[in-house]
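Report on the following structure.
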Amino acid sequence: MSYRLKDNINSKYFEAANALTSKKARRRIVAYVESYDDIYFWRTVLSEFENDMRYFEVMLPSKINLTRGKKSVLMNFLEGEPLGRDMIACVDADYDYLMQGRTHQSQRILNSPYVFHTYVYAIENFQCYAPSLHNVCVSVTLNDHRIFDFRDYFQQFSEAIFPLFVWSVMVYRNGHYPKFSITDFCRIADPGGFSVQNPAASINNVKRKVRTKINDLQRQFPDAKDEYLRTKDDIRALGVTPQTTYLYIQGHHLFDTVVSPILSKVCNLLRQERQNEIYHASAHRTQKRNEMSCYENSLQDIKTMLKKNTGYMSCEQFQRLQSDIRDYLDNKNIRT
C-alpha cells in the first residue's frame with residue numbers, strides 16, 4: 001500500500017468524500033485540466049451540466065502533485081486508473097484525436113470514458129473560431145462596423161493549408177514526424193505580411209509555401225500517394241474539412257501568429273474610424289477631449305478579450321464535446 005498522497009487521491013476518494021456529506025448535498029465531480037489557461041474554458045463547458053444534484057470543481061493536478069508538464073501530468077493519472085465517476089480529466093486533443101489510437105497516449109485519451117478532449121487541437125482554436133471574431137473586435141473597439149470577413153478569410157486559409165496538413169497528420173501517424181514536424185508546418189502556415197485591404201496576398205503567400213513544401217515531401221516519400229489519399233479520407237471522416245483545417249492546427253500558433261496579428265490590424269482600423277467620428281462630431285475642443293478620453297478608457301486588450309471569447313459554443317466540434325459529457329453523466333451503467 002502506498003502512503004503517498006498522490007497515489008491515494010482518485011475517484012474513489014472523492015466518491016467517499018461525497019458519501020460523507022448530507023444526502024441533500026450536491027455531488028462534487030473534480031475535473032483536472034492541463035494549465036491555468038484551461039480552467040476558465042472548462043468551467044464554461046461544465047457549468048451547463050451543473051444542477052441541484054451535482055457540481056464540478058475544475059483544478060490542476062499540481063494541487064496534489066507538483067510535477068510539471070501539462071498533459072504528461074494527466075497521463076500519470078491515467079496510467080494508475082484513478083479516474084472514475086467523480087474524477088475526470090479534460091485535455092486538449094492536440095493530434096491525439098487524429099492519431100486514432102496509433103500512439104499509447106492517443107489510446108488512453110480516446111478509450112477512457114472519464115477523459116474528455118476538445119476534438120479541435122486546443123482551446124485556443126475554439127477561441128479563434130472564425131464566426132465569433134467580429135464580436136471580439138466589437139468587444140475590443142466598441143465599433144460594430146464589419147470591415148473584414150473573418151469567415152471567408154479562414155475558409156480560404158484552411159483550403160490553402162489543407163493539403164499540407166494531410167501530410168503532417170500522415171507523417172505523425174507513420175512515425176516520420178522528425179522529417180516534417182508540427183513546428184515545420186506552423187512555419188509554413190504563417191500568413192506573413194497580412195493586409196486588411198488585400199488579404200488575398202497573404203493567402204497566396206501561404207499557397208506558395210505549401211506547394212514548395214509538398215514538392216519537397218513528394219521527393220522524400222515518392223511512394224506515399226496511396227497512404228496520403230487514405231489519410232485524407234480518414235481525417236475528413238473525423239470532421240476535418242478543407243474549410244475548417246484552421247481548427248486542427250497547433251492552437252498557440254493559430255492564436256499568436258495568425259489570428260492575433262489579423263485582429264490587431266482590423267481593430268486598429270476600427271479604432272481610427274471611431275476616433276474620426278468623435279473628432280468630426282464634437283462641437284468644441286473640451287467635448288472632443290472628453291469624448292475621446294471616455295472612448296479610449298473603454299478600449300480592451302485584444303488577447304485578453306480573445307481568451308474570454310465564448311462565441312465558439314455554436315461550433316460543431318464544441319457541441320460534440322458537450323454531447324460526450326452529457327452521455328457520461330446520463331450513462332447509469334458507466335464503470336465506477
Side-chain angles (χ1 to χ4, degrees), residues 92-99 102 118-130 133 148 150-196 198-225 227-236 238-266 306 317:
D92 290 336
D94 296 342
Y95 269 16
D96 292 318
Y97 169 56
L98 300 180
M99 289 299 100
R102 287 170 174 80
T118 52
Y119 285 100
V120 300
Y121 190 98
I123 66 170
E124 289 84 2
N125 301 73
F126 279 132
Q127 293 164 350
C128 296
Y129 183 50
L133 293 181
F148 187 73
F150 290 103
R151 293 187 188 214
D152 181 65
Y153 182 85
F154 281 98
Q155 177 176 317
Q156 293 188 52
F157 175 75
S158 293
E159 290 170 348
I161 63 175
F162 178 74
L164 190 61
F165 182 75
V166 177
W167 275 99
S168 179
V169 174
M170 186 184 78
V171 298
Y172 267 80
R173 283 183 169 188
N174 62 29
H176 289 139
Y177 54 86
K179 295 184 178 181
F180 182 45
S181 67
I182 291 180
T183 301
D184 296 330
F185 174 85
C186 290
R187 191 177 299 113
I188 295 167
D190 179 356
F194 172 83
S195 167
V196 178
N198 185 23
S202 63
I203 298 295
N204 290 334
N205 182 41
V206 172
K207 287 180 178 179
R208 177 189 57 79
K209 291 189 291 182
V210 166
R211 284 195 301 269
T212 301
K213 186 59 182 178
I214 287 179
N215 289 337
D216 176 54
L217 289 169
Q218 287 174 339
R219 285 191 294 269
Q220 291 187 61
F221 305 99
D223 302 319
K225 182 178 179 180
E227 184 181 6
Y228 176 89
L229 294 175
R230 286 195 302 271
T231 303
K232 181 170 71 171
D233 290 341
D234 191 18
I235 67 173
R236 291 191 70 151
L238 293 173
V240 184
T241 69
Q243 293 74 37
T244 60
T245 316
Y246 76 99
L247 292 173
Y248 298 90
I249 70 175
Q250 188 183 63
H252 284 297
H253 170 76
L254 180 69
F255 189 102
D256 294 325
T257 307
V258 182
V259 173
S260 291
I262 292 175
L263 282 181
S264 179
K265 293 188 177 182
V266 172
L306 198 54
Q317 292 79 0

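What you see is a predicted model, and the numbers here were worked out from it, not measured in a lab.
- Between the side chain of T231 and the main chain of E227, a donor-acceptor pair closer than 3.5 Å is present.
- Within the 4.5 Å cutoff, the side chain of Q218 has heavy atoms near those of the W167 side chain.
- Of all the heavy atoms in C128 and L254, the pair that sits closest is CB-CD2, 3.7 Å.
- Exactly one residue among Y97, Y248, Y95 makes a ring pair (Phe, Tyr, Trp, His ring centres under 6.0 Å) with Y119. That residue is Y97.
- Counting only distance, with no hydrogens or angles, the side chain of S168 and the backbone of L164 share no donor-acceptor pair below 3.5 Å.
- I249 places none of its side-chain heavy atoms less than 4.5 Å from the side chain of C186.
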Check the pair V259 / F150 against side-chain contact (heavy atoms from CB on, under 4.5 Å), numbers first and verdict last.
CA-CA 10 Å; V259 173; F150 290 103; over 6 Å; no
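- More than 12 heavy atoms of other residues, nucleotides or ligands shown are found within 6.0 angstrom of CZ on R102.
- Residues V169 and M99 have side chains in contact (heavy-atom distance under 4.5 Å, counting atoms from C-beta outward).
- Between K213 and F180, the closest heavy-atom pair is CE-CD1, 3.6 Å.
- Using a distance-only test at 3.5 Å, with no hydrogens or angles considered, a donor-acceptor pair links the side chain of N215 to the main chain of R211.
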Full working for side-chain contact (heavy atoms from CB on, under 4.5 Å) between L133 and L306
CA-CA 8 Å; L133 293 181; L306 198 54; 3.8 Å; yes
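- Judged purely by atom type and a 3.5 angstrom limit, K179 has no side-chain atom pairing as donor or acceptor with the backbone of V171.
- Closest non-hydrogen pair, V206 versus I188, comes out as CG1-O, 4.3 Å.
- The minimum heavy-atom distance between F194 and S202, with the atom names listed, is CD1-OG, 3.7 Å.
- Taken to the nearest 0.5 Å, the CE atom of M170 stands 11.0 Å off from the CD1 atom of I235.
- Under a 4.0 Å N-O distance rule, the pair D234/R173 qualifies as a salt bridge.
- Using a 4.5 Å cut-off on side-chain heavy atoms (C-beta onward), K265 and S195 make no contact.
- Distance alone, capped at 3.5 Å, places no donor-acceptor pair between the H253 side chain and the F185 backbone.
- Residues P163 and A160 approach most closely at CD-O, 3.7 Å, considering heavy atoms.
- Taking the six-membered ring where the residue is Trp, F157 and Y153 present parallel rings, their angle staying beneath 30° rather than reaching 60°.
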Pair Q155-T244, side-chain contact (heavy atoms from CB on, under 4.5 Å): steps then yes or no:
CA-CA 6 Å; Q155 177 176 317; T244 60; over 6 Å; no
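- Between I161 atom CD1 and K209 atom NZ the span is 11.0 Å, to the nearest 0.5 Å.
- The nearest pair of heavy atoms linking I123 to T118 is CG2-CG2, 4.2 Å.
- In this structure a side-chain-to-backbone donor-acceptor pair under 3.5 Å is present from D190 to G192.
- Atoms CD1 and CD, from I203 and E159 in turn, are 9.0 Å apart once rounded to the nearest 0.5 Å.
- You'll find the side chain of L217 stays beyond 4.5 Å of the side chain of Y228, heavy atoms only.
- For the pair Y246/V258, no side-chain contact is recorded, criterion being any heavy-atom separation below 4.5 Å from C-beta on.
- The closest donor-acceptor contact from the side chain of N174 to the backbone of H176 lies under 3.5 Å.
- Residue Y177 places its OH atom among 12 or fewer non-hydrogen atoms of other residues, nucleotides or ligands, all under 6.0 Å distant.
- Between the side chain of N125 and the backbone N or O of A122 there is at least one donor-acceptor pair closer than 3.5 Å.
- With respect to the salt-bridge test (charged N to carboxylate O, under 4.0 angstrom), the residues D233 and R230 do not qualify.
- At least one side-chain heavy atom of F162 sits less than 4.5 Å from a side-chain heavy atom of V240.
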